[in-house]
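Order of the sequence lines fixes the chain letters, A, B, ..., with proteins taken first and strands second; residue numbering starts at 1 for each chain.
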2 protein chains.
Amino acid sequence: MSAPALTKNQALVFDVLEKADGPLSAYTILDKLRDHGFRAPLQVYRALEKLLEYGVVHRLESINSFVACAHPGENCHSHGIVAFAICESCGQVMEFHDHEVDHRLMDWTRGKKFKAEKTTIEIRGLCEACAA
Amino acid sequence: MSAPALTKNQALVFDVLEKADGPLSAYTILDKLRDHGFRAPLQVYRALEKLLEYGVVHRLESINSFVACAHPGENCHSHGIVAFAICESCGQVMEFHDHEVDHRLMDWTRGKKFKAEKTTIEIRGLCEACAA
DNA sequence: ATCGCACACGTTATAGCATAACGCAATTGA
DNA sequence: TCAATTGCGTTATGCTATAACGTGTGCGAT
Ligand SMILES: [Zn+2]
Ligand SMILES: [Zn+2]
Ligand SMILES: [Zn+2]
Ligand SMILES: [Zn+2]
């Protein structure tokens, strides 16, 4: 599941996300890529689908946006559950892992015999700078 | 923040959610209430906004749906973070709380001086029955 | 070689989710 | 009574995501 060479469209989308200073919606990405020939949402969504699969991009469910993984190189998927803190003022996102949280949630799912496939942890609020 | 008497529209929406055996989208709720005079999405969204505020309904960010709180009576907001396990096959939702998870996440936010406002924890996968 | 398949891509159309903006009516409290 | 608040109804619009169709390209099997 590690990333093979990206196709042209995948590379363009990834590049936009990496250079952005916060999460972007698919349509914002589309707008930024019109000069590179992008014309339709599907071009973005199809690239995102692969980038998510490769683990180099994350989807923020609570704000319908996408962000480049903060841990380039390491395969983020292998770190267990990924959590995000999202500043609702400046849009900055912090990505982190907490194995103890993973364990607690896994304990719960084991107890319920629930087969977890994908777990979302997103904390929305204000970053230190914006809360001041 | 505990629930005052619900208005007519709020009661209708809440009733639909309580009787449902799983989460519903706003537009599904709208369809179920057409016979009761609902004509537009805003009627649903405005009711949901209040029900969420009162803590008697939860929003599932990862599936753009809404579900009645599984803990009627108790003020769910006071239990700390609410977590959900969502079966992607049958749609069933289990709601639970884990104070240890809360503590770990609060420790992290304190360390980063991040002011958390709303935290989402959603586990998607297969329930025991559907995983068999 | 050429057939079949998998995959990326482009385009158009459509489906699904959410809110803006206007105006009206009922309630409340000064 | 007057102003402020809240709920409500309607129309229009915007944002998010996918369906369905067809094209081209690379690559292994026959
Ligand atoms: Zn990551
Ligand atoms: Zn901030
Ligand atoms: Zn609850
Ligand atoms: Zn199930």
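- When the P atom of dA8(C) is taken as reference, atom CG of Leu48(A) falls 14 Å away, rounded to whole Å.
- An end-to-end axis angle of 30° holds for the helix from dA1(C)-dT30(D) to dA30(C)-dT1(D), taken from five base pairs per end and rounded to 10°.
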| task | Show your working on side chain to side chain contact (heavy atoms under 4.5 Å, CB included) between His36(B) and Asn9(B) and close with a plain yes or no. | result | CA-CA 9 Å; His36(B) 291 79; Asn9(B) 284 5; over 6 Å; no

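- Nucleotide dT16(D) holds its P atom 14 Å from the CD atom of Glu61(A), rounded to whole Å.
- Checked against ring pair (Phe, Tyr, Trp, His ring centres under 6.0 Å), Phe14(A) has no partners two or more places apart in sequence or in another chain.
- Hydrophobic clustering, defined by side-chain heavy atoms of Ile, Leu, Val, Met, Phe, Trp and Tyr closer than 4.5 Å, groups Ile81(A) together with Met94(A), Phe96(A), Val101(A), Leu105(A), Trp108(A), Phe114(A), Ile121(A), Ile123(A), Ile81(B), Met94(B), Phe96(B), Val101(B), Leu105(B), Trp108(B), Phe114(B), Ile121(B), Ile123(B).
- With salt bridges taken as basic N to acidic carboxylate O contacts below 4.0 Å, none links Glu49(B) and Arg46(B).
- Inter-residue side-chain proximity for Asn64(B) and Ser25(B) is flagged as unmet; no heavy-atom pair is nearer than 4.5 Å.
- As rounded to whole Å, 12 Å separates atom C1' of dC7(C) from atom CD of Glu49(A).
- Here dG10(C) presents its P atom at 12 Å from CG of Leu30(A), a figure rounded to the nearest Å.
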Measure all distances between protein nitrogen or oxygen atoms and nitrogen or oxygen atoms of nucleotides 26-28 of chain D, and list the pairs falling under 3.5 Å.
none

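- The ring pair (Phe, Tyr, Trp, His ring centres under 6.0 Å) test applied to Phe38(A) returns no partner, not counting sequence neighbours.
- Side-chain atoms of Arg124(B) and Phe84(B), non-hydrogen and from C-beta on, never get closer than 4.5 Å to each other.
- Of the charged side-chain nitrogens involved, none lies within less than 4.0 Å of a carboxylate oxygen, so that Glu122(B) and Arg59(B) do not count as a salt-bridged pair.
- OP1 or OP2 of dC8(D) sits under 4.0 Å from a side-chain N or O of Thr7(B).
- Residues Thr120(B) and Glu61(A) form no side-chain contact, since every pair of their non-hydrogen atoms from C-beta on lies 4.5 Å or further apart.
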| query | Once each nucleotide of nucleotides 11-21 of chain C is scored for protein heavy atoms under 4.0 Å, what B/S/- sequence comes out, 5' to 3'? | reply | BB----BBBBB

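- Look at CG on Asn9(B): it is 17 Å from P on dT6(D), rounded to the nearest Å.
- Between the NZ atom of Lys8(B) and the C1' atom of dT6(D) there is a distance of 17 Å, given to the nearest Å.
- Using a 4.0 Å cut-off between charged side-chain N and carboxylate O, Arg104(B) and Asp107(B) make no salt bridge.
- Note on ring orientation: taking the six-membered ring where Trp is involved, the planes of Phe66(A) and Tyr45(A) are perpendicular (angle over 60°, cut-offs 30° and 60°).
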